[in-house]
Structure formats: structure tokens, C-alpha cells
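Below you'll find the structure, written out as C-alpha cells, and then a few comments.
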Amino acid sequence: MVRIDARGMRCPWPAVRLARALRDGARSVEILTDDPQAPTELAAVAVAADATIEIISDGSYRSHVITCR
């Protein structure tokens, strides 16, 4: 699993980092974000990559787990 810490990054950067990891062959990615727009942007990247996305919220930040099908 690839882990990306994108806390402090504003969109579109978390989505760009996710897209790059998927393009480089990652089958599963966990990305930590604190930007309120990130879930929407990351979901769009996951749909484009035919992947599933699970959002785990922890108050101050969210962990998104993206898994390729």
C-alpha cells in the first residue's frame, strides 16, 4: 500500500498526488488530507481509475483508502 500525507495541501494537489500514484502502478493508496474539497476531488480520480474509495474521518483530518479493482 502506498501512503501519501497530503495534510496542508489544498486541492488539486491531493488529487494530483493520488493520480500520479495510480498511474505509477499502485494498487492501493491511503491518502491523508485536511482540505474540505479533497473527498470530491479524490472520488473523481478514483472513478476515472475504476477504483473504489473509502473515507475514514478522524475529526481533524480524513484518511482516504483507494483500491483498484
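Because the structure is a prediction, the values reported are computed rather than measured.
Hydrophobic clustering, with ILVMFWY side chains joined whenever heavy atoms are under 4.5 angstrom apart, keeps V29 apart from L32. Placement of V45 and V2 within a single hydrophobic cluster is found when ILVMFWY residues are connected by side-chain heavy-atom separations under 4.5 Å, directly or transitively.
The minimum heavy-atom distance between S28 and M1, with the atom names listed, is OG-CE, 3.3 Å. Listed here is the closest heavy atom pair of P14 and I31: O-CD1, 3.4 Å.
Note that the CD atom of E30 and the CG atom of D5 stand 9.5 Å from one another [nearest 0.5 Å]. For the atom pair CZ (R62) and CG (D34), the distance works out to 9.0 Å, reported to the nearest 0.5 Å. Distance CD1/I4 to CG/L42: 9.0 Å, rounded to 0.5 Å.
In this structure, the side-chain contact (heavy atoms from CB on, under 4.5 Å) partners of Q37, at least two apart in sequence or on a different chain, are C11, D35.
Tested against T33 for a side chain to side chain donor-acceptor pair (under 3.5 Å), the candidates R10, E41, H64 yield a single pass: H64.
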